[in-house]
Amino acid sequence: MDGLLEALKWILIVLLAGFIGQFGKSFSTHIIDYFRKRKLRTAAGAAAEPLKPAQSGPAATGAEQPLSVDKKVLKARAKLEKKASKN
C-alpha cells in the first residue's frame with residue numbers, strides 16, 4: 001500500500017510539471033507575440049509622422065534616405081495588414 005501511494009504521488013508530480021510547462025510555453029508565446037505586434041505598431045506609428053527636413057551636408061543631398069524610410073513604412077504596414085487579415 002505504501003508503494004502505491006508513492007507511485008501515485010510521483011504520477012501527480014509529473015502531470016503537474018507537464019501542465020505547468022505547457023502553460024508556461026503558451027504564456028511565453030503570447031508575450032512574444034504581444035511585443036512583436038507592439039513593435040510593428042510603433043514602427044507604423046512613427047512612419048505616419050511627417051519626415052523632418054534633412055540637415056545640410058553631403059549625406060543630406062541624396063534622395064536615398066527618405067526612400068528607405070518609405071520602404072520600411074510600407075513593409076511594416078503590409079505586415080500589420082497581413083496579421084490583421086489572419087485574425
Side-chain angles (χ1 to χ4, degrees):
M1 187 73 175
D2 194 32
L4 180 63
L5 289 176
E6 187 73 20
L8 285 175
K9 180 179 91 170
W10 280 106
I11 289 171
L12 288 175
I13 288 172
V14 169
L15 289 175
L16 184 63
F19 177 77
I20 291 171
Q22 182 62 36
F23 178 74
K25 180 181 175 184
S26 299
F27 185 64
S28 64
T29 304
H30 176 72
I31 289 175
I32 290 169
D33 288 340
Y34 170 78
F35 282 109
R36 282 184 184 156
K37 287 179 185 177
R38 186 171 140 190
K39 183 178 178 183
L40 286 174
R41 276 184 273 165
T42 304
E49 295 175 4
L51 296 174
K52 296 178 183 175
Q55 298 175 355
S56 62
T61 58
E64 294 177 14
Q65 186 178 8
L67 186 59
S68 66
V69 171
D70 290 338
K71 284 183 181 180
K72 289 179 183 179
V73 170
L74 292 174
K75 188 174 182 179
R77 286 184 182 164
K79 283 184 179 182
L80 286 174
E81 289 173 2
K82 186 175 180 181
K83 284 214 174 228
S85 67
K86 285 184 180 181
N87 294 334

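Everything quoted here is computed from the prediction, not taken from an experiment.
With K75 as the partner, the side-chain contact (heavy atoms from CB on, under 4.5 Å) test is satisfied by one option alone out of K71, K79, K72: K79.
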Could you pull out every donor-acceptor pair under 3.5 Å between side chains of residues 24-32 and any protein atom, sequence neighbours left out?
unit_1	atom_1	unit_2	atom_2	d
S26	OG	Q22	O	3.2
S28	OG	G24	O	3.2
S28	OG	K25	O	2.9
T29	OG1	K25	O	2.9

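Annotation: the span from K9 atom NZ to L5 atom CG amounts to 10.0 Å, rounded to 0.5 Å.
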